[in-house]
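What follows is a short report on a single structure.
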Amino acid sequence: MYKNKITQALLIGAGLTFGAATFPAMAAHVPEGTKLADKQELVKGNGTEVASIDPQKTEGVPESNVIRDLFEGLVNQDGDGNVVPGVAESWETKDNKTFIFHLRKDAKWSNGDPVTADDFVFTFQRAVDPATASPYAWYLEMTTMKNAAQIINGKADKSTLGVKALDANTLEVNLESAVPYFVKMMGHTTVKPVNKKVLEKWGDQWTKPEHFVGNGAYVLSKWVVNERMVMVRNKNYWDDKDTVIDKVTYLPIENQVAEMNRFLSGEIDMTNELPNEHFKRLEKEHPEDVSVVGNLCSYYYGFNNEKAPFNDVRVRKALSYAIDRDVITKILLGQGQKPAYFLTPEVTADFHPVMPEYGTWTQKERNQKAEALLKEAGYDKSHPLKFNLLYNTSENHKKNAVAIASMWKKALGVDVTLENQEWKTYLDNRREGNFQITRAGWCGDYNEASSFLSLMQSNNSSNDPRYHNKEYDAVMEKALASTSDAERADLYAQAEALLARDMPIAPIFQYVKARLVSPQVGGFPKNNAEDKIYTKDLYMLAK
């Protein structure tokens, strides 16, 4: 980006015009000679209505998608997933325990106030404050930030958190253990800053368009629940001069066929997903629109480990073994997804998975073992196991659930009742343990195996399966404290072996991100494993 500044300056000085649109300050990330559309507006499908846009109150991917445009943390990512400056223009550490971040002096809130180190102190303290009830409070504990665990557990005041403002533009963060990938972790939604003054004035109403104040490239202009969320450029954003798209609209479309049709009619520029059963046709008829990229996400079913009969490992293993992952990935999905026999995706940086034994068996062998285990636990086709399978409203999730329920019925005689709920209700019930088996997915919060494996630690508030194992916790605590890449890799392999042994979840497949993207969308990142898309880095090309 920086090396293009010289080119940019020369182009501006020459007063060049690009295509149909003339820009007084051509964005640094737009290649020279690009013909831009007159109308710089982007419409994106987002899968579902967001539960919230408060960074410390959210936990889902749909929310993170919009929050990336509305707020900016210390760091961002580029199109290849590399960490790049955000509000922090530079940082340093000598021991991977104390980190100093130098904030931009021109970083501002959308109301014109400066973004300061105090804003990050307030935000980090808010994230761990039990009064906030942040579903991602555990994330701050995972960074090993001083006193985070004690504050979350109500044993210390939030003011004792290991973060302080050395001055208006210098932030110091102190960790209890060395964490070499700590800066990567600072790109997460939960640590994006919020404006204290606005929160205190408006309370829970601060996220309404008429009250909203953010520090991202865009501000909230209009929000019609279950219809659309509209954002316009934040003229106070420090890099507004390099932002090209003037308006971005997010549509909460849960039905992938409806989303596809709206794309094909020209109403949407980028979908959230595409319908599995139309993938091959779309690939053949609209190859220029189909985008498939590797994705740092795992799809799995979580068992409620505290509720009978799923507190019996034999039942959990039987159900996991009887899922034919090859049928799901190759026939039902068929977009390049990989069968999953461990939680962490293979695309994760420096992760070297060891295939568990059940992953080496044929499906016939898995089914035979599953039948024997279930019989041992007291169930067979004459005395069938019956339970509910919870999933969030989505045609693709429904198709997976129907297929897996059919596999269970055929191989084990199991009777499954499918139950779908809208996103927010589903999240609430999952968190409160109101389920027997639930569909779940996890996308890495940063590109390192701990982002997945920490999920199953006892102290993780996102551990919805309620898996509590001291042996597993000890392995992960040791891994998180290690500064040796080789030792961490070995400990992560041990953690995956324990998950295969205890089967608190049934891994099903490793995602790819398949969607429809108009060729008019320029700057679309094709190598970002976390699917972190920033509208400020995109632009609309002339037709």
Side-chain angles (χ1 to χ4, degrees), residues 1-12 14-46 65-66 68-70 72 76-82 84 86 216-218 230-234 237 239-251 259-260 262-274 282-283 286-295 513-543:
M1 178 174 175
Y2 300 106
K3 66 183 179 184
N4 291 335
K5 292 285 185 185
I6 297 170
T7 306
Q8 178 191 345
L10 291 171
L11 293 172
I12 294 166
L16 293 184
T17 300
F18 285 75
T22 302
F23 288 85
M26 191 63 186
H29 60 275
V30 179
E32 184 179 343
T34 300
K35 293 183 178 181
L36 294 171
D38 287 323
K39 190 177 180 182
Q40 289 294 322
E41 296 182 4
L42 177 71
V43 181
K44 299 171 70 174
N46 199 36
N65 290 340
V66 299
R68 256 193 309 278
D69 282 345
L70 296 170
E72 183 170 77
N76 296 325
Q77 282 188 11
D78 66 14
D80 294 322
N82 301 309
V84 295
Y218 295 85
V230 182
M231 304 171 198
V232 296
R233 273 168 66 171
N234 171 12
Y237 178 58
D239 200 25
D240 183 57
K241 67 184 184 304
D242 283 332
T243 304
V244 180
I245 290 178
D246 296 317
K247 182 170 85 171
V248 55
T249 300
Y250 284 87
L251 303 179
E259 187 183 37
M260 173 190 72
R262 291 173 75 172
F263 175 90
L264 295 174
S265 70
E267 185 185 344
I268 296 176
D269 302 302
M270 185 189 306
T271 68
N272 181 59
E273 293 182 90
L274 47 74
L282 290 167
E283 207 174 27
H286 303 276
E288 71 284 358
D289 296 325
V290 175
S291 168
V292 181
V293 296
N295 203 202
K513 188 63 184 180
R515 55 159 61 93
L516 295 167
V517 181
S518 166
Q520 261 197 286
V521 179
F524 179 77
K526 295 181 179 178
N527 297 309
N528 189 305
E530 294 176 65
D531 196 42
K532 286 192 173 179
I533 300 171
Y534 300 81
T535 303
K536 70 182 182 65
D537 295 335
L538 306 179
Y539 44 92
M540 301 304 292
L541 297 162
K543 287 185 179 178

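All values below come from the heavy atoms of this structure, side chains included, with hydrogens, waters and symmetry mates left out.
- Residues A217 and T243 approach most closely at CB-OG1, 4.4 Å, considering heavy atoms.
- From L538, atom CG reaches atom NE2 of H29 across 7.0 Å, with rounding to the nearest 0.5 Å.
- Proximity of N272 to K513: side-chain heavy atoms (C-beta onward) are separated by under 4.5 Å at one or more points.
- Under the side-chain hydrogen bond (donor to acceptor under 3.5 Å, both in side chains) criterion, K44 pairs with Y250, sequence neighbours left out.
- Put simply, the side chain of M540 reaches to within 4.5 Å of the side chain of L42, judged on heavy atoms.
- Across all non-hydrogen atoms, the minimal contact from Y539 to P31 is OH-CD, 3.2 Å.
- The closest side-chain heavy-atom distance from N65 to I533 is not below 4.5 Å.
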Per-pair distances, 0.1 Å, donor-acceptor, side chain in residues 524-531, under 3.5 Å, sequence neighbours excluded:
unit_1: N527; atom_1: ND2; unit_2: D80; atom_2: OD1; d: 3.2
unit_1: N528; atom_1: OD1; unit_2: E530; atom_2: N; d: 3.0
unit_1: N528; atom_1: OD1; unit_2: D531; atom_2: N; d: 3.2
unit_1: N528; atom_1: OD1; unit_2: K532; atom_2: N; d: 3.3
unit_1: N528; atom_1: ND2; unit_2: Q77; atom_2: OE1; d: 2.9
unit_1: N528; atom_1: ND2; unit_2: D78; atom_2: O; d: 3.1
unit_1: E530; atom_1: OE2; unit_2: Q77; atom_2: NE2; d: 2.8
unit_1: D531; atom_1: OD1; unit_2: R515; atom_2: NH1; d: 3.1
unit_1: D531; atom_1: OD2; unit_2: R515; atom_2: NH2; d: 3.1

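- For T535, the side-chain hydrogen bond (donor to acceptor under 3.5 Å, both in side chains) partners at least two apart in sequence or on another chain are D69.
- Between Q40 and D246 there is a side-chain heavy-atom pair separated by less than 4.5 Å.
- In this structure, N76 and K536 have side chains that are in contact, with non-hydrogen atoms separated by less than 4.5 Å.
- The structure places NZ of K39 at 12.5 Å from CD1 of I245, a figure rounded to the nearest 0.5 Å.
- T271 places a side-chain N or O within 3.5 Å of a backbone atom of L516 that can act as its donor or acceptor partner.
- A donor-acceptor contact shorter than 3.5 Å links the side chain of N234 to the backbone of G216.
- Residues G86 and E72 come closest through the heavy atom pair C-OE1, 3.5 Å.
- Taking both residues in full, the closest heavy atoms of Q520 and A542 are given as NE2-C, 4.4 Å, listed atom of the first, atom of the second, then distance.
- Side-chain contact between T249 and E41 is absent, with no heavy atoms from C-beta onward closer than 4.5 Å.
- Listed by chain and residue number, nothing satisfies the side-chain hydrogen bond (donor to acceptor under 3.5 Å, both in side chains) test with D289 (two or more places apart in sequence, or in another chain).
- Applying the side-chain contact (heavy atoms from CB on, under 4.5 Å) rule to E283 yields the partners F279; only residues at least two apart in sequence or on another chain are considered.
- Shown here are the side-chain hydrogen bond (donor to acceptor under 3.5 Å, both in side chains) partners of E267, two or more places apart in sequence or in another chain: R262.
- Residues K241 and D239 have side chains in contact (heavy-atom distance under 4.5 Å, counting atoms from C-beta outward).
- For the pairing with Y218, the side-chain contact (heavy atoms from CB on, under 4.5 Å) check across D240, V248, V230, V66 returns one residue only, V248.
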